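None of these values were measured; they are calculated from a predicted model. Each ligand, and each atom within it, is numbered from 1 in the order the structure gives.
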Amino acid sequence: MPRPPLAGALALACALVSVYVPAIASAADATPDYALDCGQVFDSRSGKLIGPRTIVVRAGKVAEVLSGRTEPVANATRIDLSGQTCTPGWTDLHVHLSDQSSPKSYEEEFRLDQVDFALRGVAFARRTLMAGFTSVRDLGGTPALHIRDAVNQGLIPGPRIWAAGTAIATTGGHADPTNGYNATLSHLVGPPGPTEGVINSVDEARQAVRQRYKDGSDVIKITATGGVLSYARSGDAPQFTVDEIRSVVETAKDYGYRVAAHAHGAEGMKRAVLAGVTSIEHGTYMNDEIMALMKQKGTWYVPTITAGRFVAEKAKIDGYFPDVIRPKAARIGALIQDTAAKAYKAGVKIAFGTDMGVGPHGENAREFGYMVDAGIPASYALQSATFYAAQVLGVDDQGVIEPGKRADIVAVPGDPLADITVTQRVNFVMKGGKVFKNDTDTN
Ligand SMILES: [Zn+2]
């Protein structure tokens with residue numbers, strides 16, 4: 001019997017809804033129960049391997065950690081990781097998901113749209129996750145705010161993202177988005193303000209943080225000194241007054257934000273530490289006085305050795321960087337690994353970060369090797385990307401494999417404490433109880 005047209009239209013609409021909505025929901029909610037049989041487990045609290053364990057995962061969380069191989073576990077899919085070491089999923093505290101440095105980078109700022117950067121970021125987020133990094137802190141770039149949301153909705157694979165959005169600088173400072181513009185462009189665009197991430201007073205500092213809140217940022221990033229890759233002469237000059245940084249930090253507290261400070265030069269770094277930032281990024285010219293201050297105030301150091309080595313290497317190539325940048329890259333980049341070595345010896349708290357977006361996304365685990373080369377024990381390097389990284393983020397539900405914590409788990413072939421380079425051969429990745437990668441031989 002023919003139906004009246006309206007009922008037919010409704011039926012069609014319902015059919016569309018019933019097909020479309022569950023497809024989205026299942027991508028986000030598909031977290032079956034698992035029992036992971038791990039040959040070894042890295043305890044990120046103690047920094048030790050604790051032997052074979054069966055990790056039971058339910059509803060996206062670690063439900064139990066059982067001694068030895070325990071099988072079968074009722075209603076759970078068993079995954080054989082008996083030849084592997086399981087560690088908590090890693091966190092890279094310094095990435096730029098929508099960037100990738102190349103000789104074309106400076107031209108692309110004028111030719112590409114934000115959506116182009118965002119689409120790149122989709123690919124880079126996936127690479128990052130597949131490399132074992134289940135969480136990242138993105139320290140600059142608006143696409144990351146939206147990539148974060150798409151990941152959280154289950155639309156694209158990627159790490160859990162704490163995004164700074166637009167970084168906060170001063171006029172001409174590292175992260176002034178109009179650095180290097182010619183006079184015509186500068187005139188057309190006009191001087192950037194707090195909305196665009198440029199402040200020049202205590203009041204504007206406050207406004208910029210409040211704008212980040214409005215934008216949906218998770219963390220605040222400031223550029224306390226010059227930077228290597230900005231189109232400007234100095235890589236280390238202080239670029240904020242201590243009162244401006246204090247204003248950022250105090251306003252950030254109102255919104256539950258932590259502040260990450262990019263800093264190469266000693267004076268700007270000292271001001272940032274005194275003003276109470278959570279972490280110093282790069283820290284190239286960190287001296288004894290600053291190290292003592294950081295220990296006293298509990299400030300974290302995120303070295304990003306990978307980026308330092310990358311830019312120092314590229315500075316040798318004619319034409320890779322604009323002329324104004326090349327000497328900075330050669331000079332500053334080469335120093336960071338030594339600074340990390342000194343800071344570790346001095347007892348400064350070190351957390352893991354690469355500044356990927358400078359170097360290639362997906363090779364984040366190289367930093368582990370560079371840390372070990374700098375004299376940092378492999379166990380500490382792994383803790384810096386797990387237990388300590390969670391402290392820098394200010395969360396207590398990840399970074400350890402314990403009941404009730406998020407089931408973010410990666411597995412590497414062999415013993416990472418004996419050979420840290422196995423971290424570059426991740427073959428199992430679980431985030432929030434969902435398996436994103438499993439290249440192990442399952443039986
Ligand atoms: Zn950076």
Side-chain angles (χ1 to χ4, degrees), residues 91-102 105-106 109 117 120-121 124-125 128 133 135-145 147 159 161-169 173-177 179 197 212 217-232 235-236 239-240 258-265 268-269 272 277-286 300-312 314 321 325 328-329 332-333 335-337 339-340 350-364 366-367 370 385 389 392-393:
T91 297
D92 189 331
L93 290 164
H94 194 136
V95 300
H96 302 276
L97 280 177
S98 53
D99 295 334
Q100 181 75 78
S101 150
S102 84
S105 297
Y106 296 89
E109 292 293 328
F117 290 106
R120 286 181 178 183
F124 296 148
T128 304
F133 290 81
S135 293
V136 298
R137 196 174 57 160
D138 187 293
L139 290 184
T142 49
L145 299 165
I147 297 167
I161 298 169
W162 277 258
T166 304
I168 301 174
H174 187 59
D176 177 335
N179 282 344
R212 301 291 91 76
S217 298
D218 305 299
V219 58
I220 300 298
K221 158 83 174 292
I222 64 163
T223 52
T225 76
V228 172
L229 297 186
S230 49
Y231 205 94
D236 55 359
Q239 299 190 331
F240 279 73
R258 294 176 167 219
V259 179
H262 154 110
H264 293 295
M269 205 181 314
V277 302
T278 298
S279 62
I280 293 292
E281 312 292 313
H282 320 304
T284 311
Y285 294 106
M286 192 181 287
W300 289 92
Y301 175 33
V302 180
T304 71
I305 303 167
T306 309
R309 292 180 64 114
F310 182 88
V311 298
K314 297 301 180 194
F321 292 122
I325 287 160
K328 292 190 293 177
I332 292 175
L335 293 173
I336 294 180
Q337 194 164 21
T339 306
I350 294 178
F352 186 101
T354 60
D355 208 358
M356 283 312 186
V358 177
H361 294 280
E363 296 185 13
N364 314 55
R366 283 174 180 274
E367 185 81 13
Y370 295 145
V392 178
L393 292 172

Measuring only between side-chain heavy atoms, which start at C-beta, is Leu139 closer than 4.5 Å to Leu93? no
Is the shortest heavy-atom distance from the side chain of Ser230 to the side chain of Lys328 under 4.5 Å? yes
Run the ring-ring contact (aromatic ring centres under 6.0 Å, His included) test on His94 and His282 for me, step by step, so that the C-alpha distance in whole Å, both residues' side-chain angles and the decisive distance to 0.1 Å come before the verdict. CA-CA 10 Å; His94 194 136; His282 320 304; 5.0 Å; yes
Please list, in chain and residue-number order, the protein N/O/S atoms closer than 2.8 Å to the Zn ion (ligand 1). His94 NE2, His96 NE2, Asp355 OD1
Closest heavy-atom pair, Thr284 versus Thr339, reported as atoms and distance to 0.1 Å, is O-OG1, 2.6 Å
Side chains of Thr128 and Met356: closer than 4.5 Å at any heavy-atom pair? no
Do Tyr106 and Leu229 touch side chain to side chain, with heavy atoms closer than 4.5 Å? yes
